[in-house]
Amino acid sequence: MSSVRPLKPALMAIATRELNEVPQRLQQDIEALKEWVLKQPHLRACTEDQFLLAFLRGTKFSLERAKEKFDRFYTLQGSIPEVFNKRRLATDPQVLDIIRMGVLLQIPMDVDDPGPCVTIIRAGSYDTSKYKFQDIVRVGSMFGEIMMFEDENATVSGYVEIMDMTGVTGAHLFALQPQLLSKFSTYADEAMPTRQKGIHFINVPAAFETGFNTLRSFFPAKIKNRISVTSDPSAIFEIVRREYLPKEYGGTGPSMQDISRTMEAKLSSYESYFQESQSFGVDEKLREFGTHERKNHRSSFGAAGSFRKLQID
């Protein structure tokens, strides 16, 4: 019997149609990936079923691509030490401060809604003299992993990010760190198994709207087309249903404070995971492949092939 949560009917239809998911084979698929992970001497990684399933869904159940993405997940984390470091804990005071300020808001959705999950990042809501952009990204990365464990909308339908630029100053723009933005975008694109469906910059000062469009150059090619930039304050209603949005955004959903409290409680429930994840990563000295293959992860795993043949009635 599978140890993972069953999907709601609408999400199951999407997973079957778009991700090649076959419920009767789910546990067998997970075990195949887990067996491979446990045989990799260079990987210290989480092997919980729900976590592994996110990688299978994120690669449309191609075992070779799932292996590649799983390896990249931990390998690329090691290349961004300013984000993935000892502060990445559910009990870290800085992490908790950022959540309580409502810098990041994971928008609650109806349980039967099969659409992408939505996160609002309030880019102008933090004090740049106290927090760096990398600190905000760190907290976002933590909730990104929590989504992999328990948000089927994220693992099946993907996710949307809304960058609210209200209150952004020159200090905030300077703090954006384009190189970090580029590195983390590559990590999100190549290593995270959840599908990025859009990045929407809203409430951008009209004078800076053209300049913000240049941010596209720091994103991977396929993500560039998913980015929108606007100064129109009503644009958010074209992205998120009004009944989901916080009252502060003109919606009828929970307040930002309520959302932040829920997120803090959720993070607290993952305290042991983030503590354990401090020991996760890649030891390149133990990797079985040579220097050339380490630079080319795709060649390390061979050609990306189908996990199984598509079942056609």
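Here the structure is a predicted model, which means the values were calculated and not measured.
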Is the shortest heavy-atom distance from the side chain of [X] to the side chain of [Y] under 4.5 Å?
| X | Y | value |
| --- | --- | --- |
| Lys197 | Glu161 | no |
| Val204 | Val168 | no |
| Leu53 | Asp29 | no |
| Val118 | Ile239 | no |
| Met147 | Thr155 | no |
| Met163 | Met165 | yes |
| Ile121 | Asp164 | no |
| Pro23 | Met12 | yes |

Non-hydrogen atoms of [X] and [Y] that approach each other most closely:
| X | Y | answer |
| --- | --- | --- |
| Cys46 | Leu52 | O-CD2, 4.2 Å |
| Gln196 | Val160 | OE1-CA, 4.4 Å |
| Glu271 | Ala90 | CA-CB, 3.7 Å |
| Met148 | Phe55 | CE-CE1, 3.5 Å |
| Pro254 | Ile259 | O-CD1, 3.9 Å |
| Met263 | Leu105 | SD-CA, 3.9 Å |

Is a side-chain donor-acceptor pair under 3.5 Å present for [Y] with [X]?
| X | Y | answer |
| --- | --- | --- |
| Tyr270 | Glu276 | no |
| Thr75 | Asp71 | yes |
| Asp189 | Thr186 | no |
| Asp49 | Gln27 | yes |
| Thr230 | Asp232 | no |
| Asn153 | Tyr159 | no |

Between atom [atom1] of [X] and atom [atom2] of [Y], what is the distance when rounded to the nearest 0.5 Å?
| X | Y | atom1 | atom2 | value |
| --- | --- | --- | --- | --- |
| Lys285 | Arg287 | NZ | CZ | 14.5 Å |
| Thr59 | Asn20 | OG1 | CG | 9.5 Å |
| Ile107 | Ile162 | CD1 | CD1 | 7.0 Å |
| Leu26 | Leu56 | CG | CG | 8.0 Å |
| Arg261 | Ser255 | CZ | OG | 7.0 Å |
| Leu96 | Ser260 | CG | OG | 11.5 Å |

Stepwise side-chain contact (heavy atoms from CB on, under 4.5 Å) check, Ile120 with Leu104: CA-CA 6 Å; Ile120 297 177; Leu104 297 106; over 6 Å; no

Pairs satisfying salt bridge (charged side-chain N to carboxylate O under 4.0 Å, His left out), at least one member in residues 136-148, at least two apart: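 Every pair satisfying salt bridge (charged side-chain N to carboxylate O under 4.0 Å, His left out) with a residue in residues 136-148: Arg88-Glu145, Asp135-Arg138.
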
[X] (side chain) donor-acceptor with [Y] (main chain) under 3.5 angstrom:
| X | Y | value |
| --- | --- | --- |
| Arg72 | Glu190 | no |
| Glu243 | Gly251 | no |
| Ser182 | Gln179 | no |
| Thr16 | Ala13 | no |
| Lys8 | Val111 | no |
| Asp92 | Leu89 | no |
| Ser185 | Leu181 | yes |
| Glu248 | Met256 | yes |
| Thr119 | Gln106 | no |
| Gln278 | Asn85 | yes |

Residues forming a ring pair (Phe, Tyr, Trp, His ring centres under 6.0 Å) with Tyr126, sequence neighbours excluded: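 Listed in chain order: His172.
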
Option among Phe51, Phe274, Phe143 that satisfies the ring pair (Phe, Tyr, Trp, His ring centres under 6.0 Å) test with Phe149: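 Filter result, single survivor: Phe51.
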
Residue pair Asp110, Tyr244: steps toward the side-chain hydrogen bond (donor to acceptor under 3.5 Å, both in side chains) verdict: CA-CA 8 Å; Asp110 186 89; Tyr244 293 165; 5.3 Å; no

Does this structure show an ion pair linking [X] with [Y], if we count only N-O contacts that are shorter than 4.0 Å?
| X | Y | answer |
| --- | --- | --- |
| Lys60 | Glu18 | no |
| Glu21 | Arg57 | yes |
| Lys67 | Glu64 | yes |
| Glu82 | Arg87 | no |

Centroid-centroid under 6.0 Å between Phe237 and Tyr249 rings: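 Judged by ring-centre distance (under 6.0 Å), Phe237 and Tyr249 do not meet the cut-off.
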
Test log, rule side-chain contact (heavy atoms from CB on, under 4.5 Å), inputs Thr166 and Arg122: CA-CA 7 Å; Thr166 300; Arg122 298 170 60 235; over 6 Å; no

Within 6.0 angstrom of Lys34 NZ, more than 12 heavy atoms from elsewhere: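 Enclosed: over 12 neighbouring heavy atoms sit under 6.0 Å from NZ of Lys34.
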
Audit row: Phe280, Phe84, side-chain contact (heavy atoms from CB on, under 4.5 Å) steps and yes/no: CA-CA 11 Å; Phe280 293 159; Phe84 299 95; over 6 Å; no

Full working for side-chain contact (heavy atoms from CB on, under 4.5 Å) between Gln94 and Lys132: CA-CA 11 Å; Gln94 185 186 75; Lys132 296 180 180 178; over 6 Å; no

Derivation of the salt bridge (Lys or Arg N to Asp or Glu O under 4.0 Å) call for Glu150 and Arg5: CA-CA 9 Å; Glu150 61 177 65; Arg5 290 183 306 278; over 6 Å; no

Residues Tyr187, Gln77; criterion side-chain hydrogen bond (donor to acceptor under 3.5 Å, both in side chains); working and verdict: CA-CA 8 Å; Tyr187 164 76; Gln77 282 189 2; 3.0 Å; yes

